[in-house]
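Take a look at the structure below.
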Amino acid sequence: MAKKAAPKKAAAAPKKAACKKCAAKAAPKKFTIPKKAKAAVLVEPGKFELREYAIPEISDDEMLVKVEGCGVCGTDGHEYKRDPFGLCPTVLGHEGSGTIVKIGKNITTDFTGAPLGVGDQIVTCIIPCGECNACRNTPARTNMCEKSGIYGLNPDDDIHFNGYFAEYLVIRKNSTVFKVNGMTLDQRMLVEPAAVAIHAVERAKLTGLLRFDTKVLVQGCGPIGLMVMAVLRTLGIENIIAVDGNDNRLEFAKRMGATTTINFMNYKKFEDQLADVKAATDGLGAEFLIQCTGVAAAAKNAWKMVRRGGGMCEVGFFMDGGECSINHHFDICNKEIALVGSWVYTPQDYPTTFAFLKRAKGIGLPVEELVTHHFDLADIQEALETNVQMKGIKVAVTVK
């Protein structure tokens, strides 16, 4: 019997040429890092010097970030005017963001566990010491760290690149870093103040007094107060009263969700202002008040605008703004007020902040429009003057 011929093997398929776009994506990004870079050093109150320093080598536990921009905070303004924290000389700027251009081999992920590498855009949070009682025993409240640091609010050292008002920033070991690829620069520069607002509202929620129909008064319509209103609005709170002395900011407050605005400059006596607050709150006063001014006189009046059984969150006094007197019987005890303080934020607040910013945009709140001024790093003096003179809302410094 004749044998059947063995079937011929199919010719091997030709190998596809490697996709150039895919290869480009897979290849790690490379950046040309200069030997020196500039930093805006606050050498004494009211005086910046743009100095050039050698960019240091980073360790296996550090990162080098090319700064893209940074918002100017009210705290920067206080430091600029009179150095209350005793930081001079210092490189300020803590509301910033940039791109990783060099990363130590021991760093592979951000705080949430997301992979991190050269080319990723980041923001930073507080720098807990890891050793104090708060760090050891209440890890979800590291904002209570006794030795907590923050980039942009540290005195100068031999690294120099310690704040975002510079061309580069050196991220130290054990820092809390978050990858924020895909966000615009203005969004990234608003993450830090948004985290302040998120933390304040989370503290306020502990009182159990924030509901959909709660009548909330926000005292102070600076960037933090306006951001607080946006947070409240994304939570579904619709009755928001904004109190400030600037008509432009009160108009912006309406866009951020305020249903009633009160300009305290229009009243000769506080009692007349209080009457209008009560008229907007069923004759009783606010069910909850969030104090964002950092002004002692305003803080004194805040207690009067809260109804019996109401609550208050104090977020305005990041630094000593002076003392005020209150009547403990009428202002606290007789009203049985629930009071919480709010101190900066925790790393755990940042994922919530990212979700808030996405939700705020989704319902049409103009959060990014809080950034009203952009200055180059070389114009840092003008940027700070614009901030302390309260021109616009959020002033930002961009780094090219």
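Here the structure is a predicted model, which means the values were calculated and not measured.
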Q: Look at Lys400 together with Glu167 and state whether they make a salt bridge at an N to O cut-off of under 4.0 Å.
A: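 Not counted as a salt bridge, because no side-chain N and carboxylate O are separated by less than 4.0 Å.
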Q: Would you give the length of the straight line joining atom CD1 of Ile126 to atom OG of Ser148, rounded to the nearest 0.5 angstrom?
A: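 Those atoms lie 4.5 Å apart.
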**Q.** Backbone of Ile240 reached by a side-chain donor or acceptor of Thr259 within 3.5 Å
**A.**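 Such a contact is found between Thr259 side chain and Ile240 backbone.
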**Q.** Donor-acceptor contact present, side-chain Thr207 to main-chain Leu209, <3.5 Å
**A.**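 Checked: pair present.
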Residue pairs fulfilling salt bridge (charged side-chain N to carboxylate O under 4.0 Å, His left out) with at least one residue in [range], sequence neighbours excluded:
range: residues 212-240; answer: Arg211-Asp213, Lys215-Asp282, Arg233-Glu238
range: residues 339-348; answer: none
range: residues 134-163; answer: Asp157-Arg172
range: residues 34-52; answer: Lys47-Glu49, Glu49-Arg51

Anything under 3.5 Å between a donor and an acceptor, one on a side chain of residues 319-328, the other on a protein residue two or more places apart or in another chain? List them.
unit_1: Asp320; atom_1: OD1; unit_2: Gly322; atom_2: N; d: 2.9
unit_1: Asn327; atom_1: OD1; unit_2: His329; atom_2: N; d: 3.0
unit_1: Asn327; atom_1: OD1; unit_2: Phe330; atom_2: N; d: 3.0

Q. Would the number of heavy atoms belonging to other residues, nucleotides or ligands and lying under 6.0 Å from NZ of Lys300 be above 12?
A.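 Open: at most 12 neighbouring heavy atoms sit under 6.0 Å from NZ of Lys300.
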Q.
Looking at Gln389, I'd like to know if its CD atom is crowded, meaning that more than 12 non-hydrogen atoms belonging to other residues, nucleotides or ligands lie closer than 6.0 Å.
A.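 Count over threshold, so yes.
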**Q.** side chain to side chain donor-acceptor pair (under 3.5 Å) partners for Asp186, two or more places apart
**A.**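 Here the qualifying residues are His374.
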According to ring-ring contact (aromatic ring centres under 6.0 Å, His included), who are the partners of [X], at least two apart in sequence or on a separate chain?
X: Phe317; answer: none
X: Tyr80; answer: Phe48
X: Phe111; answer: Phe178

**Q.** Lys205: salt bridge (charged side-chain N to carboxylate O under 4.0 Å, His left out) partners, not counting sequence neighbours
**A.**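 If we apply the salt bridge (charged side-chain N to carboxylate O under 4.0 Å, His left out) test to Lys205, skipping adjacent residues, the hits are Glu202.
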Result block: side-chain N/O donor-acceptor pairs under 3.5 angstrom for residues 260-270, not counting sequence neighbours:
unit_1: Asn263; atom_1: OD1; unit_2: Met265; atom_2: N; d: 2.8
unit_1: Asn263; atom_1: ND2; unit_2: Asp247; atom_2: OD1; d: 2.8
unit_1: Tyr267; atom_1: OH; unit_2: Asp276; atom_2: OD2; d: 2.5

Listing, residues 349-358 side-chain donor-acceptor contacts under 3.5 Å, not counting sequence neighbours, or none:
unit_1: Asp349; atom_1: OD2; unit_2: His199; atom_2: ND1; d: 2.7
unit_1: Asp349; atom_1: OD2; unit_2: Thr346; atom_2: N; d: 2.8
unit_1: Asp349; atom_1: OD2; unit_2: Thr346; atom_2: OG1; d: 3.2
unit_1: Tyr350; atom_1: OH; unit_2: Thr124; atom_2: O; d: 3.1
unit_1: Thr353; atom_1: OG1; unit_2: Asp349; atom_2: O; d: 2.8

Q.
Quick check: is Val191 connected to Leu185 through a chain of hydrophobic side chains (ILVMFWY, heavy atoms under 4.5 Å apart)?
A.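 Different clusters: Leu185 never reaches Val191 through Ile, Leu, Val, Met, Phe, Trp or Tyr contacts under 4.5 Å.
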Q) Is Leu226 linked to Ile241 within one hydrophobic cluster, defined over Ile, Leu, Val, Met, Phe, Trp and Tyr using a side-chain heavy-atom separation of less than 4.5 Å? A)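 No; Ile241 is not reachable from Leu226 via cluster members.
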Q. Can Asn154 and Asn162 be counted as having a side-chain donor-acceptor contact under 3.5 angstrom?
A.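 Short answer, no.
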(Q) I need the minimum non-hydrogen distance between Ala396 and Val371, along with the two atoms involved. (A)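 So the two residues come closest at CB-CG1, 3.9 Å.
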